[in-house]
Student: 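After the structure tokens below, expect a handful of questions from me.
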Amino acid sequence: MIKFFLMVNKQGQTRLSKYYENVEIHQRTTLEADVIKKCISRTKDQCCFVEYKDFKLVYRQYAALFIVVGIDDTENEMAVYELIHNFVEVLDKYFSRVSELDIMFNLEKVHIILDEIILNGCIVETNKSRILAPLLALDRMAEY
């Protein structure tokens, strides 16, 4: 099961965070700081799977952004690694070459995309067209 999903820039600023289990606010900031330090400090030659406390971190870097997913022992690391890439491809398809600014200024749309992919910590959809369908419908309704 997926425990959390983070998007962080190289400066360590969280751009998106989504938790799939209850974590207190003050614990979130500590958790995010530790996770970010752990992932940013690693070299490109090192594995993208990291053991951290009672779960595993799967991360991937895209330009200046790190996407970090916390998972439990039952989740497949490679599947989550590919899920991260699929998420970025969906963002690219919607925003036409997504950037950190697109994420910052369209956070609600990024959350809609993420909610279409992951529900209660479980992967429910990977088809790019099906993921984008509700968002495109909202965009069409906003035009009228």
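These numbers were taken from a predicted model, which means no experiment stands behind them.
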Student: Should I67 and M78 be regarded as members of a common hydrophobic cluster, given that ILVMFWY residues are connected when their side-chain heavy atoms come within less than 4.5 Å of each other, either directly or indirectly?
Tutor: yes
Student: A side-chain contact here means heavy atoms from C-beta on lying under 4.5 Å apart; do R60 and E82 qualify?
Tutor: yes
Student: For the residue pair Y94 / D139, report whether a side-chain donor-acceptor contact shorter than 3.5 Å exists.
Tutor: yes
Student: Does T30 use its side chain to pair, donor to acceptor, with the backbone of H26 at less than 3.5 Å?
Tutor: yes
Student: Passes side-chain contact (heavy atoms from CB on, under 4.5 Å), C47 versus R42? Steps please.
Tutor: CA-CA 9 Å; C47 181; R42 295 173 63 85; 4.1 Å; yes
Student: Would you say the side chain of I2 lies within less than 4.5 Å of the side chain of L83, judging by non-hydrogen atoms?
Tutor: yes
Student: Considering non-hydrogen atoms only, spot the tightest contact between L57 and G70 and give its length.
Tutor: CD2-CA, 4.2 Å
Student: Roughly how far, to the nearest 0.5 Å, is the CG atom of L16 from the CG atom of L6?
Tutor: 8.0 Å
Student: Do you know which two heavy atoms are closest between I40 and K10, and how far apart they sit?
Tutor: CD1-O, 3.7 Å
Student: Kindly compute the distance separating CZ (F49) from CD1 (I71), expressed to the nearest 0.5 Å.
Tutor: 8.0 Å
Student: Determine, stepwise, if the pair Y81 / V69 fulfils side-chain contact (heavy atoms from CB on, under 4.5 Å).
Tutor: CA-CA 9 Å; Y81 189 73; V69 181; over 6 Å; no
Student: One pair to check against side-chain contact (heavy atoms from CB on, under 4.5 Å): L65 and I103. What are the steps and the verdict?
Tutor: CA-CA 11 Å; L65 281 178; I103 292 163; 3.5 Å; yes
Student: Check the side chains of D72 and T74 for a donor-acceptor pair under 3.5 angstrom, ignoring hydrogens and angles.
Tutor: yes
Student: Nearest heavy-atom pair of A63 and Q61: which atoms, and what distance?
Tutor: O-NE2, 3.0 Å
Student: Nearest 0.5 Å please: distance from the NE2 atom of H111 over to the OG atom of S17.
Tutor: 6.5 Å
Student: Can you tell me how far apart CZ (F105) and OG (S99) are? Round to the nearest 0.5 Å.
Tutor: 9.0 Å
Student: Answer yes or no: is there a side-chain heavy-atom contact under 4.5 Å between L91 and D102?
Tutor: no
Student: To check you understand the geometry: which heavy-atom pair defines the closest contact between M1 and E75, and what is its length?
Tutor: N-OE1, 3.0 Å
Student: So, do S129 and K93 sit near enough that their side-chain heavy atoms are less than 4.5 Å apart?
Tutor: yes
Student: Consider only side-chain heavy atoms of I, L, V, M, F, W and Y, link residues closer than 4.5 Å, and tell whether I112 and I84 are in one cluster.
Tutor: yes
Student: State, with a plain yes or no, whether a side-chain heavy atom of T14 is found less than 4.5 Å away from one of N9.
Tutor: no
Student: Angle class for the H85/Y62 ring planes (parallel below 30°, perpendicular above 60°, tilted otherwise)?
Tutor: parallel
Student: Taking side chain as C-beta onward, heavy atoms only, is K38 less than 4.5 Å from Y52?
Tutor: yes
Student: State yes or no: do L114 and F4 share one hydrophobic cluster built from I, L, V, M, F, W and Y residues joined by side-chain heavy-atom distances below 4.5 Å, directly or via other members?
Tutor: no
Student: So which atom in R28 and which in V23 form the shortest heavy-atom distance, rounded to 0.1 Å?
Tutor: NE-O, 3.0 Å
Student: Please check if M7 and Y19 belong to a single hydrophobic cluster, counting links between Ile, Leu, Val, Met, Phe, Trp and Tyr side chain heavy atoms closer than 4.5 Å.
Tutor: no
Student: Is the ring pair F66/Y59 parallel, tilted or perpendicular, if the boundaries are 30 and 60 degrees?
Tutor: tilted
Student: Report whether V110 and V80 are members of the same hydrophobic cluster (ILVMFWY, side-chain heavy atoms less than 4.5 Å apart, transitive linking).
Tutor: yes
Student: Does V58 reach the side chain of V68, with side-chain heavy atoms less than 4.5 Å apart?
Tutor: no
Student: To the nearest 0.5 angstrom, please state how far the CD1 atom of I131 sits from the CG atom of L136.
Tutor: 11.5 Å
Student: Would you mind listing every salt bridge (Lys or Arg N to Asp or Glu O under 4.0 Å) that reaches into residues 17-26, with sequence neighbours excluded?
Tutor: K3-E21, K18-D115
Student: What is the minimum heavy-atom distance between E116 and R130, and which atoms define it?
Tutor: OE1-O, 4.3 Å
Student: Quick one, R15 and V8 - any side-chain contact, counting heavy atoms below 4.5 Å?
Tutor: no
Student: Apply the test ring-ring contact (aromatic ring centres under 6.0 Å, His included) to residues F5 and F87: give CA-CA distance (whole Å), side-chain angles for both, the deciding distance (0.1 Å), then the verdict.
Tutor: CA-CA 11 Å; F5 191 100; F87 175 70; 5.0 Å; yes
Student: Could you measure the distance from the CD atom of Q11 to the CD1 atom of I36? Nearest 0.5 Å is fine.
Tutor: 11.0 Å
